[in-house]
Amino acid sequence: MRLLLVEDDDHVAAALSAVLARHGFQVVHARNGEEALRALLPADKEPFGVVLLDLGLPDQDGYEVCGKIRKRSSIPVIMVTARADVRSRIHGLNLGADDYVVKPYDTGELLARIHAVARRKTAGEEPATTPADGLRLGPVRIELPTRRVSVDGEEVQLTRKEFDLLALLAQRPGVVFRREQIISEVWRTSWEGTGRTLEVHVASLRSKLRLPTLIETVRGVGYRLVSPSA
């Protein structure tokens, strides 16, 4: 997999590139935002699988770079930064980042996150959709325009947030969504004080859909939707 590393510190970039290369990645290093954006332009090369984006770049803020990338591409972006506060994480995710890793990080965890967002991209390229208006996952049908959900043809009444949560997970079956990411996208707020609300909504969905194994808890991380058999 080709990987674009956007990092202004040559020593950090060299060390990380060596590690990534040992794990089979073909790394292209960009030292600033403009180099990163130019690297994404050539259409005659194998596309990048993931972008690792540092936020403290010399020419422009990494958030700005992420916004520009997201306008032109759906390539997975992982922000890698020393900014550890919740507000910065939420801002990055709302700009379209797929994940957010705080320095210093464990290399094994970073590799796992790279593979996770790469799988997420693959799942997104092959969505389980019925003609453009909805999603079908086994006996579950989710009609996005009308916000209706049915199981085996029987409509299920969901609250607004229950539907938003289910639709988010269902668009990428098998992909683990972190609790912070779900809270940011569904509740538009931070994780603090909202964790219990998320747990209650997940429990309610399992009960209403009568499919207790549909939404799987990934301990210490978040949730994923396990596509049931038809």
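All values below were derived from every heavy atom in this structure, side-chain atoms included, with hydrogens, water molecules and symmetry-related copies excluded. Since the structure is predicted, the reported quantities are computational estimates derived from the model, not experimental observations.
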Ignoring hydrogens, what is the shortest heavy-atom contact between [X] and [Y]? Give both atom names and the distance.
{"X": "Asp8", "Y": "Pro58", "value": "CB-CD, 3.6 Å"}
{"X": "Phe163", "Y": "Glu143", "value": "CZ-O, 3.8 Å"}
{"X": "Val226", "Y": "Thr213", "value": "CB-O, 3.9 Å"}
{"X": "Gly33", "Y": "Asp59", "value": "N-OD1, 2.9 Å"}
{"X": "Leu57", "Y": "Asn32", "value": "CD1-C, 4.3 Å"}
{"X": "Phe48", "Y": "Leu4", "value": "CD2-N, 3.5 Å"}

With sequence neighbours left out, which residue pairs that include part of residues 212-228 fulfil the salt bridge (charged side-chain N to carboxylate O under 4.0 Å, His left out) condition?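 Residue pairs passing salt bridge (charged side-chain N to carboxylate O under 4.0 Å, His left out), neighbours aside: Glu216-Arg224.
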So salt bridge (charged side-chain N to carboxylate O under 4.0 Å, His left out) across residues 61-70, not counting sequence neighbours, yields Asp61-Arg83, Glu64-Lys68, Arg70-Asp98
So do the side chains of [X] and [Y] get within less than 4.5 Å of each other, counting heavy atoms only?
{"X": "Glu7", "Y": "Val80", "answer": "no"}
{"X": "Cys66", "Y": "Leu53", "answer": "yes"}
{"X": "Val28", "Y": "Arg2", "answer": "yes"}
{"X": "Arg72", "Y": "Leu41", "answer": "yes"}
{"X": "Val156", "Y": "Leu209", "answer": "yes"}
{"X": "Arg160", "Y": "Arg147", "answer": "yes"}
{"X": "Val202", "Y": "Arg206", "answer": "yes"}
{"X": "Leu205", "Y": "Ile215", "answer": "yes"}

Mind checking the [atom1]-[atom2] spacing from [X] to [Y]? Nearest 0.5 Å is all I need.
{"X": "Asp164", "Y": "His201", "atom1": "CG", "atom2": "NE2", "value": "9.0 Å"}
{"X": "Leu137", "Y": "Leu166", "atom1": "CG", "atom2": "CG", "value": "8.0 Å"}
{"X": "Arg89", "Y": "Asp99", "atom1": "CZ", "atom2": "CG", "value": "10.0 Å"}
{"X": "Ile183", "Y": "Leu93", "atom1": "CD1", "atom2": "CG", "value": "12.0 Å"}
{"X": "Leu3", "Y": "Leu52", "atom1": "CG", "atom2": "CG", "value": "4.5 Å"}
{"X": "Leu37", "Y": "Glu34", "atom1": "CG", "atom2": "CD", "value": "5.5 Å"}

Any chance you could pull the hydrophobic cluster mates of Tyr100, using side-chain heavy atoms under 4.5 angstrom and chaining through other members?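 ILVMFWY cluster around Tyr100 also holds Leu55, Tyr63, Met79, Leu95, Val102.
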If you group Ile, Leu, Val, Met, Phe, Trp and Tyr by side-chain heavy-atom gaps below 4.5 Å, do Leu111 and Val27 land in one group? yes
Atom pairs and distances, donor-acceptor, side-chain atoms in residues 14-26, under 3.5 Å, two or more places apart:
unit_1 : atom_1 : unit_2 : atom_2 : d
Ser17  : OG     : Ala13  : O      : 2.7
His23  : ND1    : Val19  : O      : 3.0

Verify side chain to side chain contact (heavy atoms under 4.5 Å, CB included) between Met1 and Val50, making sure each step is shown before the conclusion. CA-CA 8 Å; Met1 178 196 301; Val50 174; 4.0 Å; yes
Evaluate Val200 against Lys161 for side chain to side chain contact (heavy atoms under 4.5 Å, CB included), listing each step before the verdict. CA-CA 11 Å; Val200 169; Lys161 291 303 183 186; over 6 Å; no
For Gln157, give me all partners under side chain to side chain contact (heavy atoms under 4.5 Å, CB included), at least two apart in sequence or on another chain.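 Here the qualifying residues are Glu155.
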Is it true that atom CZ of Arg87 has more than 12 heavy atoms of other residues, nucleotides or ligands lying nearer than 6.0 Å?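 Atom CZ in Arg87 is not crowded, with 12 or fewer foreign heavy atoms closer than 6.0 Å.
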Mark yes or no for whether Glu162, through its side chain, and Leu158, through its backbone, hold a donor-acceptor pair below 3.5 Å.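 No.
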Given Ser88, which partner from the list Asp85, Ile90, Val86 fulfils the side-chain contact (heavy atoms from CB on, under 4.5 Å) test?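 Of the listed residues Asp85, Ile90, Val86, the side-chain contact (heavy atoms from CB on, under 4.5 Å) partner of Ser88 is Asp85.
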Test side chain to side chain contact (heavy atoms under 4.5 Å, CB included) on His29 and Asp10 and set out the steps. CA-CA 9 Å; His29 177 208; Asp10 287 341; 3.4 Å; yes
Mind jotting down which residue pairs meet the side chain to side chain donor-acceptor pair (under 3.5 Å) criterion with at least one end in residues 47-56? Sequence neighbours excluded, please. Asp54-Lys103
